[in-house]
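Below is one structure; the comments refer to it alone.
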Amino acid sequence: MHDAYEAIPILERLPLAIESIAFYGEWKLLVGTKPGHLLVYNVRGKPGGSPSHIETLLERTNRSFSKKPIQQLYVSPEFKIIISLSDGLVSVHDIHTYQLITSMQRAKGASMFAADLEEKVSLRGDAAYALRLSVAVKRKLQIYFWKNHDFIQLHNDITLPEPPKSMAWCKDSICFGFKRDFYFVKLDGNSLLQELFPTGKSMEPVIGKIGSDQLILLKDETSVFINSEGEVVNKNSFVWSDVPLAVESEEPYVLGILPKYVEIRTLHPKRLIQSIELQKPRMVTSWRQWTFIASTTHIWSLSKVPVETQIEQLLPNKEFELALQLAVIKKSCTEGHNENRIRHIQKLLAFDQFCRFQFNEALKTFATLNIDTSQIIGLFPNLLPSGYQKNLKYPGEVPAMKPDVLDNGLLVLIEYLTQKRNETVSIVTQQLPVVYPMVEGNSTISSKRQLLQIIDTTLLKCYLKTNDALVAPLLRLPDNNCHVEEAERVLKQWNKQRELIELYRKKGLHRKALNLLLQESQKVKKPENQENMIEYLQHLGQKHLDLIFHFSPGILKQNPIEGLKIFTADLAEVESLPRKKVLDFLYGVSKKLVLAYLEHVVYECNDETPEFHNRLATSYKDCVLELMEEYFKSNNEDKGPVELQETRNKLLSFLEISSHYEAGRILHEFPNNKLTEERAILLGRLGRYEQALALYAHTLKDPLKAEEYCHKVYDQDPTANKDIFIHLLKMYLQPKSTTDKQFQFTPTMNLHAALRVMYEHSNKMEPAKALELLPDDVIVSNIQVFIKKVLENQTEKKHKAQVLNSLMVSESHQVHEQRIFHESNKCVITEDRACRVCRKKIGVSAFARFPNDVVLHYFCCKDKNIQPIVS
């Protein structure tokens, strides 16, 4: 508790019993008495000043104001009127002359009234006021508004269950206190009474206003707060020491007029501040900073203790919330000084909230004050480096926290740091806006990079202590700013190997990451360890090719198939690797890996580089020869292992399909005694068809493959290769020793094969050349079918030529007729004939005539964008 008010007696032992009081302006105090006299006093002084500075002078006594006790008084300086209730009649008097303006005869028999002054802003920006009055007349409620020096009915009368004992406005609603219950009515279309709750045992309901939109209802000693909708808004009500007779609010305090004393309390926080003993106080009135309390014979001015003095009392007792409210309300100090005071108290409040483990409230206040983030982090143990932590000062000693309390605090800190991080990242410049220290003398962070480094490192530590599943996503952020050494130390302390690898990856410390992965795979032989290392190497890219070549051999030797994915995965980083260097590297590891890699490059990547195609062909060749050697050593009389057949088929297929290898460069690498068919394909690629056919016909002795080869060559270019089948006939009918020194064979004539070629392919060779190659001893019956096919082919060609000739003659006649038709039309160019485009005369200029008889200048006709005008 502290001294918030001081009761200063201004009127004592008044001979007339006081019934009502009102205050307005700077010094006018009106006192309504039981005999009906109105006493007007001048109260000179400064609210909150010492008693010697307050003077009370009786200015006027109006004995004719009323003949009965003045039960209520209300003053409206805005409309310059005094409203009073006396003898069941509501009257309006002039505020200066105290002359009667009007008496509300319709409200005769009134038991009480309540006034509401509403301030509005006009379209021009001027202040405008509206005065409403509710009058309780027995069981009726009458609603009026002030206009043209009279109260005019505003609303239909509302029937009440009984005459009210208290009544107050709250925006467009009115609350009533009856003997047993509180009621509420909204002045809308329905205006239905709404029952709230019982009034309590005292049956003397009291209603007071809290600001413009809240009411305080007293249920015996208990206070209940409602809004303009009749809803309870402050459920944590407080209890007075006795049943109040009246209540009044003066921010941040609520004054309760109790039978023997005045009790001062606060709403936020809800505390008893002060009790002031007075002699039977009954009523209270306030105007701005003036508050007056009256009994039947005494009037006191409740003078507020200076704010500076109150704050000096509150701060040592850690009553920071109330001190802050007082500092905000205080207007007398200079603005700059007041702002500094408010900020200081807010810091103390936030620190106190933190010490009471109210982490949410504390960090929100620190954020509002824009306190340096590193100093907020320093409130929590073991989050900042010890050297940095030692240099920080705080308003008091930071309490130790139990594990569960610390966990709750870290969760709140995580939320704060996440929001702060987003705000900091969005700052364009590297220089941060001005931040404030928690205690003068502490250095603040001004660099954006340094602040982000502190935030991310702290988040890492918080995640490790609260939810380690969030560590990896933090480290994977593209703009992760964790301090490497500090984060490395913490992750090792918590044995977070995977997260440590992720840290190394993001910071570009790939050698450290790979060494750690290698250690893990050597300690525990698990497939996933090797997969992690493969995945890491796949994402390094061309820039770190030396690291890939350094760490991949061990994987390639242990698991070639999976290891090769380092160089063949469908990733942008893998695609960027230089294939020539990768190929040379793999050649030093394993020839099988070279073959698999070349297949990937050629077939999947569609690389058309001749060198890769050459090396793939020779790699297939080397593999086939190795398998052949193994097969011959085994003395197996079967066709050979399946692998040999599959590999050789791949080689033959590649040589047939690929058009990017250089046959001349790789031909000498294919031995003639083992890979004859492959040499034949290569010779064909070089255009040495006769040598290739000699291999098929004489070395392989496979007429069908020879004919198939001729088909393929002939189909590629029937004109250039029209004699390919003649060369094959010549091979069979006039064999000669081969010019290829690598082949040693003695050819013999094969008439049967020759005749078969003539029968099957008579339409793809010249008959005369074929017949010339036949030996003289061949009988006619052997070539009868050939001659017949030749004659049929020639007859068919002749018929086609005749049909084509007839069609061409017919087309020629049609063209000739069209020419005669068009030439029969005449075009006469007269002196008056003009171009349809430029509208100038044709004259002797070159012109063009359209089929629709439109004539243009030749120059105008050449522009395709100009269309002739046809009429």
Assess the side chains of [X] and [Y]: does a donor N or O sit below 3.5 Å from an acceptor N or O?
X      : Y      : value
Ser301 : Trp290 : no
Thr368 : Asn370 : no
Glu250 : Ser286 : no
His2   : Gln310 : yes
Tyr144 : Gln142 : yes
Lys186 : Ser191 : no

Exercise for the section: Assert yes or no for the condition that the ring centre distance of Phe359 to Phe354 is strictly below 6.0 Å. Expected result: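 For Phe359 and Phe354, the ring centres are under 6.0 Å apart.
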
Exercise for the section: May I ask you to check whether Tyr253 and Tyr5 place their ring centres under 6.0 Å from each other? Expected result: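 When the ring centroids of Tyr5 and Tyr253 are compared, they turn out to be within the sub-6.0 Å range.
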
Practice task
Kindly check if the number of other-residue, nucleotide or ligand heavy atoms within 6.0 Å of NE2 (His149) is above 12?
Solution key: no

Problem - Atom NZ of Lys179: over 12 foreign heavy atoms under 6.0 Å - result: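 Not buried by this count: 12 neighbours or fewer within 6.0 Å.
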
Practice task
Only counting residues at least two apart or in another chain, list the ones meeting salt bridge (charged side-chain N to carboxylate O under 4.0 Å, His left out) with Arg265.
Solution key: Glu263

Completion exercise
residues 78-87 vs salt bridge (charged side-chain N to carboxylate O under 4.0 Å, His left out), sequence neighbours excluded, gives none

Problem - Lys/Arg-Asp/Glu bridge criterion (N-O < 4.0 Å) met for Glu162, Arg180 - result: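 Arg180 and Glu162: not salt-bridged.
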
Problem - Donor-acceptor pair, side chain of Ser103 and main chain of Gln105, under 3.5 angstrom - result: no

Practice task
Determine yes or no for a side-chain-to-main-chain donor-acceptor pair under 3.5 angstrom, with Thr33 supplying the side chain and His37 the backbone.
Solution key: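 Yes; judged by distance alone, with no hydrogens or angles, the pair exists.
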
Practice task
Describe, in one word, how the ring planes of Tyr129 and Phe79 are oriented to each other, choosing from parallel (under 30°), tilted (30 to 60°) and perpendicular (over 60°).
Solution key: perpendicular

Exercise for the section: Any chance you could lay out the side chain to side chain contact (heavy atoms under 4.5 Å, CB included) test for Gln71 and Met112, step after step, and finish with the verdict? Expected result: CA-CA 8 Å; Gln71 298 168 283; Met112 67 170 50; over 6 Å; no

Exercise for the section: Kindly indicate whether a cation-pi arrangement holds for Arg60 with Tyr98, taking the cut-offs as under 6.0 Å to the six-membered ring centre and within 45° of the axis. Expected result: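 Arg60 over Tyr98 ring: no.
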
